[in-house]
Amino acid sequence: MPAKRDHTAKPAMPPTATGHPGVDDLTWLAYRAADALGQAFNKVSREAGLADLRDWLVLALISGDGTQRTQLEIATQLGIDKSTLVPLLDRLERDGLIVRTISERDRRVRIPRATPAGVEIVKKVAVARDTAINDRLAAIPPSERASFHATLWNIVESTAPEK
């Protein structure tokens with residue numbers, strides 16, 4: 001169980017550039033922040049029996065809104081290479097977390113669907129993920145988190161390929 005953190009911690013100020021290469025480089029900071037959050041998310045995913053956060057992302061996508069997505073659509077939407085997605089789906093299917101059915105539109109296409117066990121894993125990991133993220137974001141006052149989230153979303157959306 002993670003140690004309790006003081007969620008009233010004061011936001012850290014970035015150190016001066018002297019002796020800290022990369023501090024003034026926004027891409028380096030974004031990479032390090034994403035890496036820290038990814039490590040925390042991978043940990044909770046592994047504790048739930050998944051390989052890493054990509055397993056959870058796939059399960060969450062295919063169990064979330066009832067939309068039938070092809071394997072190619074899943075890969076595209078999540079930014080996962082097709083050659084990486086197939087073994088990931090094979091593993092999820094072997095573990096009883098998904099089933100793949102034939103598309104009614106095109107018999108050559110398979111549609112992954114989460115099983116009840118897969119849906120339960122999505123819920124379990126979502127709770128643990130939220131706790132892990134809140135621990136990592138403890139230095140950001142709650143009043144600023146929505147703005148931080150919106151800023152990240154704006155960056156993602158501005159780089160998304162046109163549909």
Side-chain angles (χ1 to χ4, degrees), residues 1-5 7 9 12 21-23 25-103 109-140 142 145-146 148-161 163:
M1 174 157 258
K4 296 272 185 195
R5 292 186 182 217
H7 292 286
V23 168
D25 184 341
L26 185 58
T27 56
W28 180 83
L29 288 171
Y31 173 80
R32 293 295 305 270
D35 186 53
L37 291 172
Q39 285 181 29
F41 197 173
N42 278 331
K43 183 177 185 287
V44 298
S45 295
R46 288 185 187 114
E47 288 170 354
L50 301 174
D52 57 30
L53 71 93
R54 292 175 303 175
D55 285 9
W56 185 86
L57 290 170
V58 169
L59 280 172
L61 180 64
I62 66 176
S63 68
D65 61 5
T67 301
Q68 291 187 3
R69 292 175 178 87
T70 66
Q71 293 178 180
L72 180 58
E73 289 168 336
I74 292 167
T76 301
Q77 190 164 356
L78 295 178
I80 298 173
D81 187 81
K82 293 181 297 187
S83 63
T84 301
L85 181 64
V86 171
L88 187 155
L89 291 171
D90 290 344
R91 184 177 57 253
L92 293 174
E93 189 171 39
R94 183 195 68 229
D95 293 346
L97 302 175
I98 70 163
V99 294
R100 288 185 266 195
T101 59
I102 305 294
S103 169
V109 174
R110 308 215 339 174
I111 306 292
R113 291 190 175 101
T115 64
V119 171
E120 280 305 309
I121 289 284
V122 167
K123 291 175 185 176
K124 178 181 176 180
V125 172
V127 170
R129 174 210 55 199
D130 291 348
T131 299
I133 288 173
N134 283 330
D135 286 349
R136 288 292 185 168
L137 298 182
I140 300 173
R145 288 189 190 179
F148 177 66
H149 191 132
T151 299
L152 292 176
W153 182 247
N154 286 336
I155 293 168
V156 169
E157 280 296 293
S158 71
T159 60
K163 296 175 183 174

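- For the residue pair R110/T70, the side-chain donor-acceptor check at 3.5 Å is not satisfied.
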The test is salt bridge (Lys or Arg N to Asp or Glu O under 4.0 Å); show your working for E47 and K43 and say whether it passes.
CA-CA 6 Å; E47 288 170 354; K43 183 177 185 287; 2.7 Å; yes
Applying side chain to side chain contact (heavy atoms under 4.5 Å, CB included), run through Q77 and L61 and close with a yes or a no.
CA-CA 9 Å; Q77 190 164 356; L61 180 64; 3.7 Å; yes
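- Partner R100 forms a side chain to side chain contact (heavy atoms under 4.5 Å, CB included) with one of L92, D90, I111, V109 and no other, that one being D90.
- Panel note: side chain S63, backbone L59; a donor-acceptor pair is recorded below 3.5 Å.
- Within the 3.5 Å criterion, the main-chain N or O of L97 finds no donor-acceptor partner in the side chain of D95.
- Counting non-hydrogen atoms of other residues, nucleotides and ligands closer than 6.0 Å to CZ of R32 gives a total of 12 or fewer.
- Checked by atom type and distance alone, the side chain of T115 pairs as donor or acceptor with a backbone atom of G96 at under 3.5 Å.
- At a cut-off of 3.5 Å, with distance as the only test, a side-chain donor of N134 or R145 sits close to an acceptor on the other residue.
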Salt bridge (Lys or Arg N to Asp or Glu O under 4.0 Å) between D55 and R91, worked out
CA-CA 9 Å; D55 285 9; R91 184 177 57 253; 2.6 Å; yes
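- Taking the side chain as every heavy atom from C-beta outward, V125 and F41 approach each other to under 4.5 Å.
- Around CZ of R69, the count of heavy atoms belonging to other residues, nucleotides or ligands within 6.0 Å exceeds 12.
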